[in-house]
Every structure is written in structure tokens, then in C-alpha cells.
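Everything below concerns the one structure shown next.
The residues of the chain are indexed from 1 along the displayed sequence. Every number for a ligand or one of its atoms is a count from 1 in the order of the listing. As the structure is a computational prediction, the values presented were derived from the model and not from experiment.
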Amino acid sequence: MVFRKLPGVSASGMGLRLSQKFVFLLFLSGLVTLCFGALFFLPDSVRLKRIFLSKTETQPVTVGSGSENDAREHLKRPKDLGMTPAKGETSSTKLKNLSRKPSVSREGAEERLAGGKAQEDLTLPKTRTEPATSAEHRVDADTFSYNTFRRCLLKAPMGRENGKPSDPKTNEMREKVKEMMKFAWDNYKLYAWGKNELRPVTKNGHIGNMFGGLRGASIIDSLDTLYIMGLMEEYNDAKEWVKTSLDLNSNGEASLFEVNIRYVGGLLSAYYLTGEELFKSKVLELGEKLLPAFNTPTGIPRGVINLGSSGTSWSWGWASAGSSILAEFGTLHLEFVHLSELSGNSIYTEKVMNIRKLLNKIEKPHGLYPNFLSPVSGNWVQHHVSIGGLGDSFYEYLIKSYLMSDKTDEDAKRMYYSALDAIETNLVQKSQGGLTYMAEWRGGVLDHKMGHLACFSGGMIGIGADDGPQEKRQHYLDLAAEITHTCHESYTRSGTKLGPEAFRFDSGAEATATRLSDRYYILRPEVIESYMYMWRLTHDPKYREWGWEAVQALEQHCRVESGFSGIRDVYTTTASHDNMQQSFFLSETLKYLYLLFSDDDLLPLEDWVFNTEAHPLPMIRRSCVQNHVTQTGAQ
Ligand code: DMJ
């Protein structure tokens, strides 16, 4: 086709007529308006949107999420934040010089708080912390005060003699674990006090960006462990820090999941164990800050929340199509129910019951729960199913919600056992060498890999065994033992006797990592957690033996001059340390080891459930609570 040159119109824009220029400008300005307007419709996680829309939205949280974020965080290069010891001073000499404050003994606190007459003396709070939202949510009659809950326990929380085992050899092992805790804590105190974690090689603190500007994750995560172990001077230091320095007025972007399991869980446990009102008021203040995360079309919270007044929330940038993660929004139930009980405000329970309702109703591929769900449409975003990272603690919280409700939460029970059926049908596999493992499921195709995180499932299936259908009880207990055995194998097959982040069962592999990137160990608790539950359920001595193997391996390969560090390769004994003492090492790994070597009457499972960060929460015995409230008029 031939174009004829119009008179007076040159090929360049310079030669355009006035009217044409006007049309062109109009088109251009329309385009700009359209582009800017489109920003509002982008998923919240898109960085461009956050740059343009609001000042508080410009500091993206760069870590991953759910149960996998700690792993991603640890792979980043350490940033030196200072606080090295003075020249010539080793960490051990500094440790010896640490000043000691006068302590309040746990025995004293226990005496004050425990049973009978002493309990009568406990004064109830005169004024309650006011809940955030409207009065219609108040459920005064059911409020679960410290006194009420103590009366509704079947046994004393700390046992006859704080769980001290009568066998001297086991007691020595327990003492060793206590020494490890003290060592880890003292070094944290010396080099990283108030920061989130200790960097034990460079001897400084790490803050990271998972907690939205909140500090002291290691302190909050340690409160109950220190208390249970009877490290009272250390516990008192931790409590003092919460009183004077835990600042909840942060304006940063936090992982809702991580803040919930570590801070909310840690403060709740500290309150239930000690009765200190300080912990209660802090946790209620923090709980309120998490509520805006649920302001989505479905009520399914997004993964990242601004803890400041904006309360804005986002989905993780890496989660497909602005989705929320199953292990994140499915791991709020235990803590949120307790927030309602303590505040007298039902809103927390309503939020998590809404999540439960949606998950109960939605169609599930082969009865399985995929890892990603849209908080806007309420539909699954893709069909990746895992009992490890991204899925794990959702299943854990179903059975624990049932147990914590004094076995009254029938929906949780039904959902747990049908999920377990689907998992057994679709994911549980037997390797050529006879090891039972949980594979991952990608839209019907199996990936024969098991993550370290998935090793918690031995314990989970164990604690749920008794409440399943009668004919399946022994089967569940056997399955729990088999999974725990496989996870132990992933430890014994390495040079360090510590397990890799993920191990495989294909291409000739049997419970070993085949990829370099899966060989690391970051002080994770899941395998030891299953040993602890299996010990309590069976008293088979092998679980204590396996736990002791882990203690020795931790001592040999993870203990450095100034704390404990993860290692980059479990298959090589010339350790390369990752320079991070994770806060869950203090809250979970060492606590589970300590409980493994203690008598069962220390935090008996009849009365306590452990949240996914190993913070113990008491059962809610509704009828007992109501009786007590009616009898005493107390809350
Ligand atoms: C902990 O924060 C919790 O156990 C969580 O559920 C999974 N990841 C870490 C420990 O590995």
C-alpha cells in the first residue's frame, strides 16, 4: 500500500498540526492516568505499588515465609553489627565476669502460685486490659483467668520435683542440656542482648526483618525454657527486659506467622507458667496489632503486616498471585483462642474460626490441602501439597486445637483425621530400603523428598493416635514410630550425625540429601521434637538414646566459643558455621531435649499443648472454667 504525503504534515511530530498535537497529548495523559490507576489493582505485594502508594509501605520484608523463612534468612550473608569483646578477652572470660542480679526463685513463685491455700492468696487483676474492638465481642462469663486455669489443670505444671528423673544417668543428661541452654543464653546476653538472635562466630547481634522492628526474639522465645529449667536469674533478666525494653510500638513490616508463634506464643506461655500480669498485658497489646491482617475479602490474613497504625498487610512477593500460605494462616488457632480467653474478647476466636470454616468448606483435591490460597477469592492458587515447609503446622494445629479444647472441637478433629487419611493415601511412601517417608505432591506428581521440617509429623501423628478411630490407633502409633525412625536415619547417615534440611528417596538416595543446597542444618528441633513425644507415648529407651546422640552432635559440631551455630554441610565434619543461633534453638530444640530427659510430670501432656514454637499452652476445660466463674464470680 502506498501512503500519500498530506500537504503540511511532515513525518516527524514537529510537523503535526495543532489539533493533532492536542489529540496526541490527550492520548498521552490518558495513558499515564491509566497506568497510575492500574497500580491500585495490582496485588499488594508488587514492589512498584509499594513504592508509589505510601511511605509506610516502602520497606519490603525480604525473607520468605511460613516455616521456611528462617531457612532463607540464614542463607543471607551476616552483617557485622559490632559488640565484639575487648582485645584479649575471650567469650568465656567475659562470661565469667557477667554480673549477677539477685534472683527470684522459681520455687518461690511456684509456692506462691501452686494449689490449695497458696492459690487463694493470688489476687485477681482488678482492671482488665481493654480489648481493641467493640463491646459486642466481649464474652465475660467465659474469661479464662490465671486462677481459673490453674484450678482446671489435672496436675501440677512443674511436676513433683520439677521433672527431675530418679535415674542419675538420665539426670546427668538433663543437666547437660541445661548447661547448653545457659551457655547459649549467656552468650546471647553478652553479645546480642535485645537483638533478635546471636551471631556466635562474629559475636554480635542480628535483627533481621521477620519481626517488623520488634526486638528480643531470643528473649521472648527463652522465657518459658529458662523458667522450666529453673534458670531463675536468667529468667528474671528476661522478664526485666520485657518490662523495660519490649517496645511494641514498632512501625515495621512483620511476618504475622512468626510474630504469632514466637512473640504471642512466648508471652502467653510465660503468663500461664508464672502468673505475671506483665506478660498478659504485653500479649494483649500485641494481639490487637495483628487484627488488621484479617481485613481481606475472605478474612484469610495476608502474610505480612505493618505493626504500626496503618495496619496494612501484604502477601509475600514470592507467593504466587498474591496468595497466603497454608502453614501461616493455619497456624494461628491456638494462640488466638487463648487471646480471646485472656482478653474476654471473642474477636480473636472469630477470626480463626472463619479460617477454619473456609478450609472446611472448600473443595480439596484428593482430600489434600494445597499450600497456597488466595485471600481475595478464597480459592487454591496451585496444587502443591507438603507436610514440610509451607504446609506443616496447619496439620499440627488441627489436632492440637482439638486437644486444647479438652477434646470438644469436633470440626478440628474431623478435619485432622480426614487430612491424615488423604496424606496416607497420597503422600506416605515406603522406600526400597524399607523407610517410611512423606513425599511432596505437585498436582498429582510425587516429589520423593522429605524436609527436616516434615519430621515434626512423627510426634504429631503420635499425639493424635489415641483419638482416632479405635481400629486405627495402633496403626497411627506405628506410623508415628516409622516416620521418627526415618528422620533418625537422616541423622545417622551423615558424618556429623545431624540431619540435612531435606533428604530424598530417589536416584539411589535413601534419607540423604542429594543437592548441595539441602545439606545444611540450622539447629532445627523437629526430629528431637518427635523423639520427645514418642518417648512420652511409648517409653521406648531408644528415643532417649537418639536424643543423647543429638546432644553430642550439637556439642561437637555446632558449639563454638560463643554460642551455638548452624552448619552448612552435615556430611562434612570440618564444620563451616553459618554464624546464627536461631531463637527456636532456645525455645524448641533445647526445651524438647530437656523434656526428653525429664519425668513425664513436667508439663504433662494431659494438661498442656505446645504451640509450633514449643511454647506450652494450657488446655481449656470449658465446663471447669464456667463452674469456677459461677462459683467465685471471678474471671
Ligand atoms: C520454628 O519456628 C517452628 O517450629 C516452625 O513451625 C517451623 N520452623 C521453625 C523451626 O524449624
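If you look at P525 next to ligand 1, the close heavy atoms, those under 4.0 Å, all belong to the side chain. Of all the heavy atoms of I522, none lies under 4.0 Å from any atom of ligand 1, so neither backbone nor side chain is involved. With a 4.0 Å cut-off on non-hydrogen atoms, L453 touches ligand 1 through its side chain and not its backbone. Residue E526 touches ligand 1 through its side chain alone, judged by heavy-atom distances below 4.0 Å.
Each of the following atoms of ligand 1 lies closer than 4.0 Å to a heavy atom of R262: 2 (O). Heavy-atom proximity to I261, at under 4.0 Å, picks out these atoms of ligand 1: 2 (O).
None of D569, T512, T572, I567 except one satisfies the side-chain contact (heavy atoms from CB on, under 4.5 Å) rule with R519; the exception is D569.
Side chain to side chain, H206 and Q581 fail the donor-acceptor criterion of an N or O pair below 3.5 Å.
Residue contacts with ligand 1 leave out Q582, since none of its heavy atoms falls under 4.0 Å from the ligand.
No close placement of the F372 and H383 rings is indicated, their centers lying 6.0 Å or farther apart.
K195 places no side-chain N or O within 3.5 Å of a backbone atom of Y191 that could act as its donor or acceptor partner.
With a 6.0 Å cutoff to the six-membered ring centre and a 45° limit on the axis angle, R559 counts as a cation-pi contact of F183.
For ligand 1, none of its N or O atoms has an N or O atom of E258 under 3.5 Å away. Annotation: S393 places no N or O atom under 3.5 Å from an N or O atom of ligand 1; distance criterion only. The N/O atoms of D392, backbone and side chain alike, include none that comes under 3.5 Å of an N/O atom in ligand 1.
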Would you check, one step at a time, whether the test ring pair (Phe, Tyr, Trp, His ring centres under 6.0 Å) holds for F211 with Y263?
CA-CA 9 Å; F211 308 116; Y263 283 81; 5.4 Å; yes
Intermediate values then yes/no, ring pair (Phe, Tyr, Trp, His ring centres under 6.0 Å), W546 and W535:
CA-CA 10 Å; W546 293 354; W535 162 256; over 10 Å; no
